[in-house]
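Every chain is numbered from 1 and lettered A, B, ... according to where its sequence line falls, protein lines coming before strand lines. Bear in mind the structure is a predicted one, so any value in this text is a computation, not a measurement.
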Amino acid sequence: MKRRAVLIDVDYVVRRGKGTVRLILKGKRFFKMYDPDFKPYFYIDSEEKIDKGKYGNIEIVDIQTVKKFVGRKEKELQKITCSDPREVPILSEILGRFGRVYETGIKFGRRYIMDNNLRPMNEVEIEYEGKNVKSVSDVGESKTPLNTLAFDIEVYNPQGVPREDKDEVIIISYSDGKEDGAITWKDCGNAPNAQVVENERAAIERFCEVLEEKDTEVLVGYNSSMFDIPYMKARADALGIRFPIGRSGKPPVLRKFGMTAHVKLEGRIHFDAYYSVRILAAAQALKLQRHTLEEVYREMIGGEPWKVDSLAIFQMWDDHTRRKALVEYAMKDSHATAEIFERLMPLQIELSRLTRLPLSQISGATTGQLVEALLMNEAVKEGIIIPPKPGETLAGERHGDQIQGAYVKLPNPGIYENIAVFDFRSLYPSILTSHNVDPETLNCGHEECKNGKNVSPLGHYFCMKKPGLVPSTMRSLLDRRKTVKAQLKNATGYDASILNARVAAMKIVLNTAYGMLNYARARWYSRESAEAITAWGRYYVQDVVKKAEEAGYTALYADTDSIFLLMGERREKDAIEFMDSINKTLPDTMELELEDIYTRGVFVSKKHEKEAKGAKKKYALINRKGKIKIRGFELVRRDWSKVAKDTQLSVLKAILEEGSKEKAIQIVKDVVRKINDGEIDKKDLVIYTQLRKSEYVNISPELAAVEKARKRGMNIGTGAIIGYIVTRNGKSISERAELEEFAKDYDPSYYIDHQILPAVMRIIGELGYTEDDIKFEGRQSSLGGWM
DNA sequence: GCGAGCAGCGTACCT
DNA sequence: ACAGGTACGCTGCTCGCG
């Protein structure tokens with residue numbers, strides 16, 4: 001029998017005592033298929049012929065001699081096949097004495113996908129008998145949407161932090177993005193779409209039924225790996241009931257890896273949107289003060305926040321007149337999660353197709369894992385042995401052995417007019433491909449290459465005859481990205497969103513490729529390759545600076561792949577001419593672009609310097625259309641109060657837009673007065689910061705505030721982004737710092753001397769003003785409190 | 001005993 | 001747990017001064 005379906009996931013399960021590959025497919029009664037004929041294997045490079053037969057309890061079922069590339073050398077290896085993936089680590093350890101073993105740590109599901117050339121989220125054609133797969137092949141892109149349900153739970157929490165053994169799940173809400181629903185177990189004043197069941201136990205059971213009824217293929221949560229699902233599981237255990245949240249009534253499988261947790265559901269994709277958001281934030285594709293559901297919703301979708309104060313949940317539940325509102329809030333959470341997922345979905349699907357990693361692994365994958373997955377696929381296709389992951393010791397050594405990075409030109413502080421900004425498009429990927437930089441093309445040994453032109457500024461040379469795996473993979477991405485961008489011009493609606501996501505997915509991978517060569521834990525680590533890339537990068541940027549100065553420009557600033565030139569009396573066409581002259585000299589995939597021309601720009605001096613040196617990575621520009629671009633200033637940082645950031649922005653705007661120093665001064669004076677008079681909103685005084693470590697040497701203000709909150713019973717863990725206010729109560733700043741929820745007043749002198757003035761003085765200093773020109777007003781009048 | 005100056009820690013940013 | 005380069009606040013210490 002043959003059939004087509006969307007491939008959701010590939011994993012392995014133990015079936016009749018043997019580990020067998022299982023395909024998870026879209027479709028209710030057809031989601032589980034097994035391929036008992038697919039056997040696990042690995043390679044060994046040994047002079048000795050390995051004997052077929054038994055090693056301990058393990059039987060080698062097949063041995064083949066195969067030709068594979070180990071690095072750049074083609075070798076004859078023995079392919080050792082056994083019958084259960086759990087045997088691979090043991091057998092490879094035993095055979096290790098006969099020679100070097102390869103590809104012993106590849107997950108069985110990944111192996112299956114790579115060897116059969118499958119792509120998750122694509123359609124596959126399956127030939128089968130009963131539940132067993134006879135053959136499977138990729139058919140291509142599917143436009144069938146998966147059945148998706150977002151959910152969220154509310155928990156009774158009279159102690160603030162809910163206790164798994166006592167505090168009930170009171171509401172389970174869900175949403176498919178169109179229709180919302182909720183399950184609860186107390187009268188909630190006929191809240192629309194809410195069903196009231198008998199008790200908590202019935203609510204949990206009912207939720208699992210809803211998943212079955214809706215045939216949910218993707219279950220979406222927000223921090224559900226760490227909270228909702230483990231909590232429901234714990235409650236089910238406490239109540240002594242089953243928690244059949246997977247298809248065919250299976251419970252969830254919870255796994256913890258240090259700080260992060262993963263939830264696996266039978267036959268469904270569990271997608272934690274919180275993880276995706278964190279990854280996007282890490283890739284700088286999303287920038288937020290905090291990663292709460294409300295903040296993310298506001299940024300991605302728009303609209304007003306609706307959050308219930310977490311301490312109000314149990315009060316609303318206990319008060320039957322407010323229970324309806326609580327249920328409605330709960331549904332809004334689920335609805336928001338569904339909408340966020342809808343936005344994330346196209347990119348996630350494209351990343352899944354590009355890397356062949358199942359969607360369930362994509363939400364939690366780092367960008368590094370994405371690149372590595374792609375390279376592994378390419379290696380298998382090319383008959384190249386996948387390099388092993390380094391051990392702890394090797395990774396540690398690599399980590400300590402740092403390379404020189406990018407060039408950053410020291411700017412002269414000042415206010416400038418008519419600035420042209422150029423940048424190299426995808427600098428590192430284009431160097432990597434143009435110069436064929438790869439661990440295996442490095443110092444290839446050919447005399448022609450050694451004495452050829454492809455030598456880095458540090459003296460490494462790279463093969464000019466044969467493309468390496470990394471550059472050829474990246475070159476095809478660069479080419480495909482161009483093609484897709486062209487297709488995008490004529491696309492609309494669904495097609496356009498998929499193509500946009502495809503471009504974005506390729507961009508993420510391209511931007512991370514260089515990082516992988518320099519990442520201590522990467523399979524394709526190559527210190528020399530990474531070092532050559534940054535050396536070439538420094539060379540090309542400095543070469544543009546040099547040529548610009550020869551052409552009569554003043555080079556104001558440069559950072560990694562960008563160059564800022566003072567145009568003087570020159571016009572755009574001159575800048576384009578200069579750019580063209582550079583581009584004529586660049587190798588194939590490299591290209592300099594004119595990013596924009598700015599009418600005015602501000603560079604400031606560094607703080608802690610004796611003589612006035614310019615600060616790097618801090619500037620503000622305004623283009624001909626009046627669009628402002630600000631980098632590095634306090635106003636782009638989350639660890640500064642909003643009042644300081646807003647003031648800094650106003651000052652920069654006054655200078656960039658109007659060139660008015662009087663206005664700038666007035667803005668600052670006004671804010672100083674308001675702070676002294678206690679006219680500032682509490683929320684504008686909050687300073688956000690993340691607790692990145694679990695143990696600290698010094699007690700910083702934020703840590704002191706957290707310690708005080710912990711004493712009051714608040715549960716704040718590593719990784720949390722907390723907000724604090726500096727109050728009047730205490731001596732040191734640490735003593736005065738309180739989490740925003742506990743702050744009763746604020747210290748005006750802190751906000752003036754440590755927030756407003758540092759943020760604006762170096763900008764205003766460029767205009768010839770000093771602090772005394774600002775601090776004219778008396779401080780004694782200050783009220784600085786809300787209570 | 002005190003303020004200035006500095007090192008080290010720590011966070012967030014730029015590309 | 002993708003990299004290196006950078007700014008800068010806070011804490012806690014040393015040092016010189018009186």
Next on the checklist: At 4.0 Å (heavy atoms only), tell me whether A:Arg538 reaches a base, stays on the sugar-phosphate, or touches nothing.
Outcome noted: nothing
Checklist entry - Which part of the nucleic acid, if any, lies within reach of A:Gln690 when heavy atoms closer than 4.0 Å are counted: base, sugar-phosphate only, or nothing? => result sugar-phosphate
Checklist entry - How is A:Thr512 classified with respect to the nucleic acid when contacts are heavy atoms under 4.0 Å: base, sugar-phosphate, or nothing? => result base
Next on the checklist: Please classify the nucleic acid contact of A:Thr534 as base, sugar-phosphate, or nothing, using heavy-atom distances under 4.0 Å.
Outcome noted: nothing
Next on the checklist: Run A:Arg736 and A:Asp747 through salt bridge (charged side-chain N to carboxylate O under 4.0 Å, His left out) and show every step you take.
Outcome noted: CA-CA 8 Å; A:Arg736 283 178 283 157; A:Asp747 177 8; 2.2 Å; yes
Checklist entry - What is the nucleic acid contact for A:Tyr750, judged by heavy atoms within less than 4.0 Å: base, sugar-phosphate only, or nothing? => result sugar-phosphate
Checklist entry - Which part of the nucleic acid, if any, lies within reach of A:Gly515 when heavy atoms closer than 4.0 Å are counted: base, sugar-phosphate only, or nothing? => result base
Checklist entry - When you check the side-chain N and O atoms of A:Thr689 and A:Arg637, is any donor under 3.5 Å from an acceptor? => result no
Checklist entry - So which of A:Ser430, A:Ser426, A:Ser434 actually passes side-chain hydrogen bond (donor to acceptor under 3.5 Å, both in side chains) with A:Thr589? => result A:Ser434
Next on the checklist: Heavy atoms from C-beta onward define the side chain here; which of B:dC13, C:dC2, B:dC9 lies closest to that of A:Tyr519?
Outcome noted: C:dC2
Item to check | P-based separation of B:dG10 from C:dA1 [nearest Å] | outcome: 15 Å
Checklist entry - Under 30°, 30 to 60°, or over 60°: which ring-plane class applies to A:Trp536 and A:His435, parallel, tilted or perpendicular? => result parallel
Checklist entry - Which nucleotide in the set C:dG4, C:dA1, C:dT11 lies at the smallest distance from any side-chain heavy atom of A:Arg521? => result C:dA1
Checklist entry - Which part of the nucleic acid does A:Arg637 contact within heavy-atom distance under 4.0 Å: base, sugar-phosphate only, or nothing? => result base
Checklist entry - Is A:Ile699 touching bases, backbone alone, or none of the nucleic acid, heavy atoms closer than 4.0 Å? => result sugar-phosphate
Next on the checklist: Using a 4.0 Å heavy-atom cut-off, does A:Tyr619 contact any base of the nucleic acid, only the sugar-phosphate backbone, or nothing at all?
Outcome noted: sugar-phosphate
Next on the checklist: Base, sugar-phosphate or nothing for A:Ile403? Non-hydrogen atoms, less than 4.0 Å.
Outcome noted: sugar-phosphate
Next on the checklist: Between A:Asp559 (side chain only) and A:Lys617 (backbone N and O only), is there a donor and an acceptor less than 3.5 Å apart?
Outcome noted: no
Checklist entry - For A:Tyr696, which contact category applies under a 4.0 Å heavy-atom criterion: base, sugar-phosphate, or nothing? => result sugar-phosphate
Next on the checklist: Using a heavy-atom cut-off of 4.0 Å across all strands, would you classify A:Val636 as base, sugar-phosphate, or nothing?
Outcome noted: sugar-phosphate
Next on the checklist: Mind checking if A:Trp524 touches a base, just sugar-phosphate, or nothing, with heavy atoms under 4.0 Å?
Outcome noted: nothing
